[in-house]
Amino acid sequence: VQLQASGGGLVQAGGSLRLSCAASGRTFSRYAMGWFRQAPGKEREFVAGIRWTGTTVFVDSVKDRFTISRDNARNTVSLQMNSLKPEDTAVYYCAAGGNLFPTGTYSPNYWGQGTLVTVSS
């Protein structure tokens with residue numbers, strides 16, 4: 001199984017980026033998918049997740065700014081990030097499989113390699 005993330009880059013505060021993640025090796029149409037991030041010197045944290053039903057969960061700090069979507073036919077998950085802030089700077093990891101709970105607790109079975117998002121002030 002491989003998860004290939006793309007779309008990271010450098011953006012000014014207030015700007016937008018869209019991250020995409022393509023899964024291969026198995027289908028995740030009946031499983032949760034999501035995104036985590038790890039900022040320099042900090043632990044990895046959950047950002048957003050989406051169940052196979054389409055139900056979404058977000059960490060409070062990105063609610064109303066980020067949206068997550070999936071395309072089950074293409075086995076992909078995307079993260080649209082708007083109104084970006086310098087504190088959103090991190091390596092973003094896509095994840096798949098496992099159970100996603102309404103609290104945002106998510107233990108995926110598979111991880112992508114990460115894509116760097118840098119937000120300048």
Going hydrophobic residue to hydrophobic residue with side-chain gaps under 4.5 angstrom, can you get from [X] over to [Y]?
{"X": "Val59", "Y": "Val57", "value": "no"}
{"X": "Val91", "Y": "Val119", "value": "no"}
{"X": "Val77", "Y": "Trp111", "value": "no"}
{"X": "Phe66", "Y": "Val117", "value": "yes"}
{"X": "Leu19", "Y": "Tyr93", "value": "no"}

(Q) Taking OH in Tyr31 as the centre, count heavy atoms belonging to other residues, nucleotides or ligands within less than 6.0 Å. Is the count above 12? (A) no
Q.
Are the side chains of Leu17 and Leu84 in contact, using a 4.5 Å heavy-atom criterion?
A. yes
Q: Examine Phe58 together with Phe46 and report whether their ring centres are nearer than 6.0 Å.
A: no
Might you point out which heavy atoms bring [X] and [Y] nearest each other, and give the distance in Å?
{"X": "Ala13", "Y": "Pro86", "value": "CB-CD, 4.1 Å"}
{"X": "Ser78", "Y": "Ser20", "value": "OG-OG, 3.6 Å"}
{"X": "Pro40", "Y": "Thr89", "value": "CD-O, 4.2 Å"}
{"X": "Arg18", "Y": "Ser69", "value": "NH2-OG, 3.7 Å"}

Rounded to the nearest 0.5 Å, how far apart are [atom1] of [X] and [atom2] of [Y]?
{"X": "Arg37", "Y": "Met81", "atom1": "CZ", "atom2": "CE", "result": "9.0 Å"}
{"X": "Gln80", "Y": "Thr67", "atom1": "CD", "atom2": "OG1", "result": "5.5 Å"}
{"X": "Trp52", "Y": "Phe28", "atom1": "CH2", "atom2": "CZ", "result": "16.0 Å"}
{"X": "Tyr106", "Y": "Met33", "atom1": "OH", "atom2": "CE", "result": "7.5 Å"}
{"X": "Thr76", "Y": "Asp71", "atom1": "OG1", "atom2": "CG", "result": "4.5 Å"}
{"X": "Leu79", "Y": "Trp35", "atom1": "CG", "atom2": "CH2", "result": "6.5 Å"}

Q | Main-chain N/O of Arg70 paired to Arg74 side chain as donor or acceptor, under 3.5 Å | A | no
Q) Short question: side chain of Arg65, backbone of Ser83 - any donor-acceptor pair under 3.5 Å? A) yes
**Q.** Pair listing, disulfide (SG to SG under 2.5 Å) test, anchored in residues 9-103, at least two apart
**A.** Cys21-Cys94
In a table with atom names and distances, give each donor-acceptor pair under 3.5 Å that connects a side chain of residues 1-10 to protein atoms at least two apart or in another chain.
none

(Q) Checking side-chain polar atoms at under 3.5 Å, does Asn82 have a donor or acceptor matched by the opposite partner on Ser16? (A) yes
Q. Would Asp88 and Lys85 pass as an ion pair if we require N to O under 4.0 Å?
A. no
